[in-house]
Amino acid sequence: MAEVLVYVDHMDGAVRKPTLELLTLARRLGDPVALALGPGAENTASALAEHGAVKVLTADAAEFADYLVVPKVDALQAAYEAVSPAAVLLPSSAEAKEIAARLAVRIGSGIITDAVDLEAGEAGPVATQSVFAAAFSTRTRVSKGTPVITVKPNSAPVEAAPAAGVVEALTVSFSEKATGTKVVSRTARESTGRPELTEAAIVVSGGRGVNGAENFAVIEALADSLGAAVGASRAAVDAGWYPHSSQVGQTGKSVSPQLYIASGISGAIQHRAGMQTSKTIVAINKDAEAPIFDLVDYGVVGDLFEVVPQLTDEIKTRKG
């Protein structure tokens, strides 16, 4: 069976959920071969093997931490040349999409970004994408070279499928451009204790209707009762009520959770573009004519300050 190269997103050996989802998709196309780079790369092997990786290529060097993406592109190209895969899969993070694009240029292949599903086809992998603010779905395949595909988080289930997970060290020769852009400092992001927005299975977002930074406590309480991430519309972010890092929409982050709850959000097209691929959408808005209701699976016409606290209390009651 053909091999499929999977780029691993991890933090000091802890594999992030989108990579495990990629392994599920990779098994539809062939035998997954994972590439883990940087500190803790070897510690990813057990999790990757548990989810289907037949082989784990690892490499660690100062260049991966001290410089921007080019050293990682060099490593991915080395892995590509060693494996000769049927496809290369990466998560749809900002960094991984840049790595994917640079690799595609180097190997003369086509690239598909932000896929939401993958399946094997007679002429190569076929990717499903949501396009034009998620108003249409397309089925696409690469017609030249080895497909390089980035996949949005929450596009596939995480499924255990134990495999050999043989660990092999990858030899990487860095290019002259690898050290062209140096990282001079890092600041750790303050942890909220909530899931990462783009990876969360449930997202609760607030918009203009929240009417103030202090009122986002209502949104946070609902999110915490569900173990969810907190998002915000552009209007709420622009008003300074919530950090830009939590903005969902065309100029913010794109999310695709199992459940998306929009509270006090009218449903402008820019916001819909960032959450329209959510599996189930619930909206709470006192304006029955709000555009968001054209999109939802379930809608509640009412004051969010009455509805959301009741919903939070009911969830807490049912949980025990």
Side-chain angles (χ1 to χ4, degrees), residues 92 114 116-117 128-138 152-155 194-312 314-315:
S92 277
D114 292 335
V116 296
D117 198 10
T128 300
Q129 295 168 285
S130 293
V131 298
F132 297 118
F136 296 89
S137 291
T138 65
K152 293 180 69 172
N154 293 313
S155 294
R194 301 187 182 99
E196 169 64 32
L197 181 60
T198 56
E199 300 174 16
I202 304 174
V203 174
V204 180
S205 287
R208 192 188 303 275
V210 176
N211 198 31
E214 67 282 1
N215 296 330
F216 256 87
V218 175
I219 305 299
E220 292 176 334
L222 175 57
D224 292 341
S225 72
L226 292 166
V230 176
S233 70
R234 179 172 179 174
V237 169
D238 285 350
W241 300 343
Y242 222 67
H244 182 269
S245 59
S246 296
Q247 182 182 331
V248 174
Q250 196 164 33
T251 55
K253 292 182 177 178
S254 179
V255 300
S256 188
Q258 297 297 314
L259 173 62
Y260 188 87
I261 301 177
S263 299
I265 295 175
S266 64
I269 188 63
Q270 291 86 352
H271 185 77
R272 293 168 60 156
M275 45 67 72
Q276 200 157 316
T277 56
S278 303
K279 308 304 183 292
T280 301
I281 301 172
V282 178
I284 302 166
N285 200 300
K286 62 183 179 182
D287 179 7
E289 302 300 319
I292 192 73
F293 287 124
D294 296 333
L295 176 68
V296 302
D297 298 285
Y298 303 96
V300 179
V301 178
D303 187 337
L304 74 88
F305 295 108
E306 296 178 2
V307 176
V308 173
Q310 291 183 58
L311 178 57
T312 302
E314 181 65 20
I315 291 168

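What's counted below: heavy atoms across the whole structure, side chains too, no hydrogens, waters or symmetry copies.
Of the possible polar contacts, one joining the Asn154 side chain to the Ala200 backbone as a donor-acceptor pair under 3.5 Å is found. A donor-acceptor distance shorter than 3.5 angstrom exists from the side chain of Ser256 to the backbone of Thr277, with no hydrogens or angles considered.
One finds the CD atom of Glu220 at 4.5 Å from the CZ atom of Arg194 (value rounded to the nearest 0.5 Å). Interatomic distance, Lys253 NZ to Glu196 CD, rounded to the nearest 0.5 Å: 4.5 Å. Between the CD1 atom of Ile269 and the CG atom of Leu295 there is a distance of 9.0 Å, given to the nearest 0.5 Å. To the nearest 0.5 Å, the span separating CG on Leu259 from CG on Asp297 amounts to 9.5 Å. To the nearest 0.5 angstrom, Gln129 atom CD is 11.5 Å from Asp117 atom CG. From Asn215, atom CG reaches atom CZ of Phe305 across 4.0 Å, with rounding to the nearest 0.5 Å.
Across Leu197 and Ser245, no two heavy atoms sit closer than the pair CD2-O, 4.0 Å. Nearest heavy atoms, Trp241 versus Gly207: CZ3-O, 3.8 Å. Taking each heavy atom of Pro195 and Ala229 in turn, the nearest pair found is O-CB, 3.5 Å. For the pair Phe216 and Ala232, the tightest heavy-atom approach, listed with the atom from each and the gap, is CZ-CB, 4.0 Å. Of all non-hydrogen atoms in Pro243 and Val237, the two that sit nearest each other are O-CG2, 3.8 Å. Of all the heavy atoms in Gln247 and Arg234, the pair that sits closest is NE2-CB, 3.5 Å.
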Q: Please test Thr312 against Val218 for side-chain contact (heavy atoms from CB on, under 4.5 Å), starting from the C-alpha separation and ending with a verdict.
A: CA-CA 9 Å; Thr312 302; Val218 175; over 6 Å; no
Q.
What verdict does the side-chain contact (heavy atoms from CB on, under 4.5 Å) test give for Thr280 and Tyr298, after you've listed the backbone C-alpha separation in whole Å, the side-chain angles of each residue and the deciding distance to 0.1 Å?
A. CA-CA 8 Å; Thr280 301; Tyr298 303 96; 4.0 Å; yes
Q: Starting from the C-alpha separation in whole Å, work towards a yes-or-no answer on side-chain contact (heavy atoms from CB on, under 4.5 Å) for Lys152 and Ser254.
A: CA-CA 9 Å; Lys152 293 180 69 172; Ser254 179; 2.8 Å; yes
Q. Yes or no on side-chain contact (heavy atoms from CB on, under 4.5 Å) for Gln270 and Thr251, after CA distance, side-chain angles and deciding distance?
A. CA-CA 7 Å; Gln270 291 86 352; Thr251 55; 5.9 Å; no
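Look at Glu306 and Lys286 and you find no salt bridge, because none of the NZ, NE, NH1 or NH2 atoms lies under 4.0 Å from a carboxylate O.
By the 6.0 Å contact criterion, CZ on Arg208 is open, its count of non-hydrogen atoms from other residues, nucleotides or ligands being 12 or less. With a 6.0 Å radius and a threshold of 12 heavy atoms from other residues, nucleotides or ligands, Glu289 has its CD atom at or below the threshold.
Between Met275 and Ile281, the closest side-chain pair of non-hydrogen atoms falls below 4.5 Å. With a 4.5 Å cut-off on side-chain heavy atoms, Tyr242 and Ile219 do not count as touching. By the 4.5 Å heavy-atom criterion applied to side chains, Ile202 and Pro257 are not counted as neighbours.
Across Ile284, Val230, Asp224, Leu226, a single residue satisfies side-chain contact (heavy atoms from CB on, under 4.5 Å) together with Val204, and that is Leu226.
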Let me check something: any side-chain donor-acceptor pairs from residues 260-267 under 3.5 Å, sequence neighbours excluded? List them with distances.
residue: Tyr260; atom: OH; partner: Ser205; partner atom: OG; Å: 2.8
residue: Tyr260; atom: OH; partner: His271; partner atom: NE2; Å: 2.8

